Amino acid sequence: MSQEPPSLFEPDDVGRPLADRLRPESLEDVIGQDHLLGDDAPIGRMVAERRLVSMVLWGPPGCGKTTIARLLAERTNLVFESVSATFSGVAELRKVFQSAAKRREIGQGTMLFVDEIHRFNRAQQDSFLPYVEDGTIVLVGATTENPSFELNSALLSRCQVFVLKRLDEEALTTLITRAEETTERELPLDAQARHALVAMADGDGRYLLNLIEQLQTVSGALDTSGLVDLVQQRAPIYDKAQEGHYNLISALHKSMRGSDPDASLYWLARMLEGGEDPLYIARRLVRFANEDIAIADPQAIQQALAAWDVFERLGTPEGELAIAQAVVYLATAPKSIAVYRGFNAAKKLAKQTGSLMPPANILNAPTKLMKNLGYGEGYEYDPDRPGGGGGFSGANYFPEGMEPEKVYRHTSNGYEHIIAKRLTEWDRMRAEKRQHEGRADNDPSDDGDT
């Protein structure tokens, strides 16, 4: 007898989204948040004592806020109620409060999980206060925004704030392994592409699993380039019908870059005679001043902006002379693409490192919560630094745990020659400061007594 087809009403585990299939079933399965969930960690101790307080889980997307709340309710035998601040209002909250009050009469507790709690207005946030105070509900709010700025001080004072971390490389790699075990299929990626996949996730576990799902139908191994082509859309290309338009602006751009004012004026005249919008040319001159000259001549951007402004005031034909003046100035100015290259290098570095936090000492601390988290502690105010450093402390401004990298590599062209001397001196002072701090850390005569 043939096997009956599965019922349409039976759950199809394979058809469920991978993020749902891999949702942790116990707190021990949650990755990347041991600083909160470990046996000696704040939430871990609450769970061991089976005593939860109202709390706000503050962290980036995909770090496990919703999952942690659900598992906390299960572990402490609380009924789990969930609402989203995006779709819910006071009327729905009132129903939850009424149900929770009835449960409390028979000794059953309720956890109310509020996703995106920062989206509730002040009046809606106030509605939680009496029910949190008398224990009708244990409130667990989830937010990606700073609670100090987004939540009422009254509500914030009744909740503990726990900061969840973005998932690091180790946690995301663990998630990939779990996905491969669940699907019983290894990802079709070479070693470099596998590393690139982790970088693309940028600490977001849910997004990583969505990317993995896109790879399920791929046959054959992908390198990094193939991975990018698969999971990212290409930018649209220009309309080929306007090729002549872009050929002429390219000729003007490259003539100025090549410091040929004669050819630059020729191509400018060709474009204007052909009916090109002078304001389009003015915008391109501003771009050129930033991209090809930058601080080799800080006046270049001012000349380009002045030409734009003059043309808007005078129009054709008088204003075109201002554009011609800017073209000659830019063509004869010293050139440097150090800023352009430095910014591109910085963007590449930013993509590689993801959402690392700035050092806590350079963060402002306008609230008590932020001060308690160490924001602003030990900050050195450079303009007040004594000595010949010209207001220079030599402090580190890169994220903690990340080695400082040179992305701006100056030239000796124009004004950059002066900047180069400054940077060389500051590099020397930084090196001396680090040597001094290293000797202080390793001084055996310092036994810690005061």
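The first residue in the sequence is number 1, and the count goes up from there. This is a predicted model, so every value here is computed, not measured.
- Atoms NE2 and CD1, on His410 and Ile418 in that order, are 13.0 Å from each other to the nearest 0.5 Å.
- Within a 6.0 Å sphere centred on CD of Glu377, other residues, nucleotides and ligands contribute 12 heavy atoms or fewer.
- Glu150 places no side-chain N or O within 3.5 Å of a backbone atom of Arg119 that could act as its donor or acceptor partner.
- Taking the side chain as every heavy atom from C-beta outward, Asp126 and Leu155 never approach each other to under 4.5 Å.
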Pair Phe97-Ser127, side-chain contact (heavy atoms from CB on, under 4.5 Å): steps then yes or no: CA-CA 10 Å; Phe97 297 147; Ser127 69; 4.3 Å; yes
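- Here CG of Asp115 is found 4.5 Å from OG1 of Thr66. Values are rounded to the nearest 0.5 Å.
- Other residues, nucleotides and ligands place more than 12 heavy atoms under 6.0 Å from the CZ atom of Arg122.
- Residue Ala304 comes nearest to Ala289 through the heavy atom pair CB-CB, 4.3 Å, listed as atom of the first residue, atom of the second, then distance.
- Side-chain atoms of Glu416 and Ser336 include a donor-acceptor pair closer than 3.5 Å.
- For the side-chain contact (heavy atoms from CB on, under 4.5 Å) with Glu425, the lone residue among Lys421, Arg422, Arg428 that qualifies is Arg428.
- Taking the side chain as every heavy atom from C-beta outward, Thr353 and Pro399 never approach each other to under 4.5 Å.
- A salt bridge links Glu81 to Arg103: at least one charged side-chain nitrogen sits closer than 4.0 Å to a carboxylate oxygen.
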Evaluation steps, side-chain contact (heavy atoms from CB on, under 4.5 Å), between Tyr408 and Ile419: CA-CA 11 Å; Tyr408 170 61; Ile419 293 173; 4.2 Å; yes
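- The main-chain N or O of Ser84 is never found under 3.5 Å from a side-chain atom of Glu116 such that the two would form a donor-acceptor pair.
- Looking only at side-chain heavy atoms (C-beta outward), Tyr375 and Leu369 stay at 4.5 Å or farther from each other.
- The pair Arg75-Glu28 meets the salt-bridge criterion, since a charged nitrogen lies less than 4.0 angstrom from a carboxylate oxygen.
- Checked by atom type and distance alone, the side chain of Arg45 pairs as donor or acceptor with a backbone atom of Asp40 at under 3.5 Å.
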Criterion side-chain contact (heavy atoms from CB on, under 4.5 Å) on Glu74 and Leu71, from CA distance to verdict: CA-CA 5 Å; Glu74 291 179 3; Leu71 294 175; 3.8 Å; yes
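- To the nearest 0.5 Å, the span separating CG on Leu330 from CG on Asp292 amounts to 9.5 Å.
- Under the 4.5 Å side-chain criterion, counting only non-hydrogen atoms from C-beta, Arg341 is not in contact with Arg409.
- Open room surrounds OH on Tyr340; 12 or fewer heavy atoms of other groups in view lie less than 6.0 Å from it.
- Under the 3.5 Å distance criterion, the side-chain polar atoms of Thr182 are left unmatched by any main-chain donor or acceptor of Ala179.
- Looking at heavy atoms from C-beta onward, Arg23 lies out of side-chain contact with Arg16 at the 4.5 angstrom threshold.
- A donor-acceptor pair is defined here as one N or O able to donate and one able to accept, closer than 3.5 Å; no such pair exists between the side chain of Gln124 and the backbone of Gly89.
- Looking at Glu213, its side chain does come within 3.5 Å of a backbone N or O of Leu18 through a donor-acceptor pair.
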Can Gln303 and Asp297 be said to form a side-chain contact (heavy atoms from CB on, under 4.5 Å), step by step? CA-CA 10 Å; Gln303 289 286 329; Asp297 182 352; over 6 Å; no
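- In terms of heavy-atom proximity, Leu52 sits nearest to Met46 at CD2-CB, 3.9 Å.
- Proximity of His195 to Glu169: side-chain heavy atoms (C-beta onward) are separated by under 4.5 Å at one or more points.
- By the 4.5 Å heavy-atom criterion applied to side chains, Arg430 and Phe392 are counted as neighbours.
- The distance from the CE atom of Met111 to the OG atom of Ser82 is 11.0 Å, given to the nearest 0.5 Å.
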Just do the salt bridge (charged side-chain N to carboxylate O under 4.0 Å, His left out) check on Asp202 and Arg166 with the steps written out, would you? CA-CA 8 Å; Asp202 192 18; Arg166 62 188 293 275; 3.0 Å; yes
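- Applying the 6.0 Å contact sphere to OH of Tyr397 captures more than 12 heavy atoms from other residues, nucleotides or ligands.
- In this structure, the side chains of Phe128 and Leu93 come closer than 4.5 Å at one or more pairs of heavy atoms.
- Asp277 places a side-chain N or O within donor-acceptor distance of the main-chain N or O of Leu279, the cut-off being under 3.5 Å.
- Residue Gln192 places its CD atom among 12 or fewer non-hydrogen atoms of other residues, nucleotides or ligands, all under 6.0 Å distant.
- Taking each heavy atom of Phe149 and Met370 in turn, the nearest pair found is CZ-SD, 4.1 Å.
- No hydrogens or angles considered: nothing links the side chains of Arg158 and Ser54 as a donor-acceptor pair under 3.5 Å.
- Taking both residues in full, the closest heavy atoms of Asn396 and Pro404 are given as OD1-CG, 3.5 Å, listed atom of the first, atom of the second, then distance.
- Judged by distance alone, the side chains of Thr424 and Asp427 never bring a donor and an acceptor atom under 3.5 Å apart.
- With respect to Glu291 and Arg257, a salt bridge is recorded, a charged nitrogen being found less than 4.0 Å from a carboxylate O.
- With Asn364 contributing its side chain and Pro366 its backbone, the two residues share no donor-acceptor pair below 3.5 Å.
- In this structure a side-chain-to-backbone donor-acceptor pair under 3.5 Å is present from Lys65 to Pro60.
- The neighbour count for Glu25 CD, taken as heavy atoms of other residues, nucleotides or ligands under 6.0 Å away, does not exceed 12.
- The closest side-chain donor-acceptor pair between Ser393 and Asp382 falls under 3.5 angstrom.
- Summarising the local packing, OH of Tyr381 is surrounded by 12 or fewer heavy atoms from other residues, nucleotides or ligands at distances under 6.0 Å.
- Between the side chain of Asp190 and the main chain of Ala193, a donor-acceptor pair closer than 3.5 Å is present.
- The aromatic rings of Phe113 and Phe80 lie parallel to each other, with less than 30° between the two planes, well short of the 60° mark.
- A donor and an acceptor atom, one from each side chain of Asp134 and Thr136, are located under 3.5 Å apart.
- Minimum interatomic distance between Glu145 and Thr143 (heavy atoms only, all atoms of both residues): N-OG1, 2.9 Å.
- For the atom pair CD1 of Ile31 and CZ of Arg178, the computed distance is 5.5 Å after rounding to the nearest 0.5 Å.
- Once rounded to the nearest 0.5 Å, the distance linking CG of Leu187 with CD of Glu180 reads 4.5 Å.
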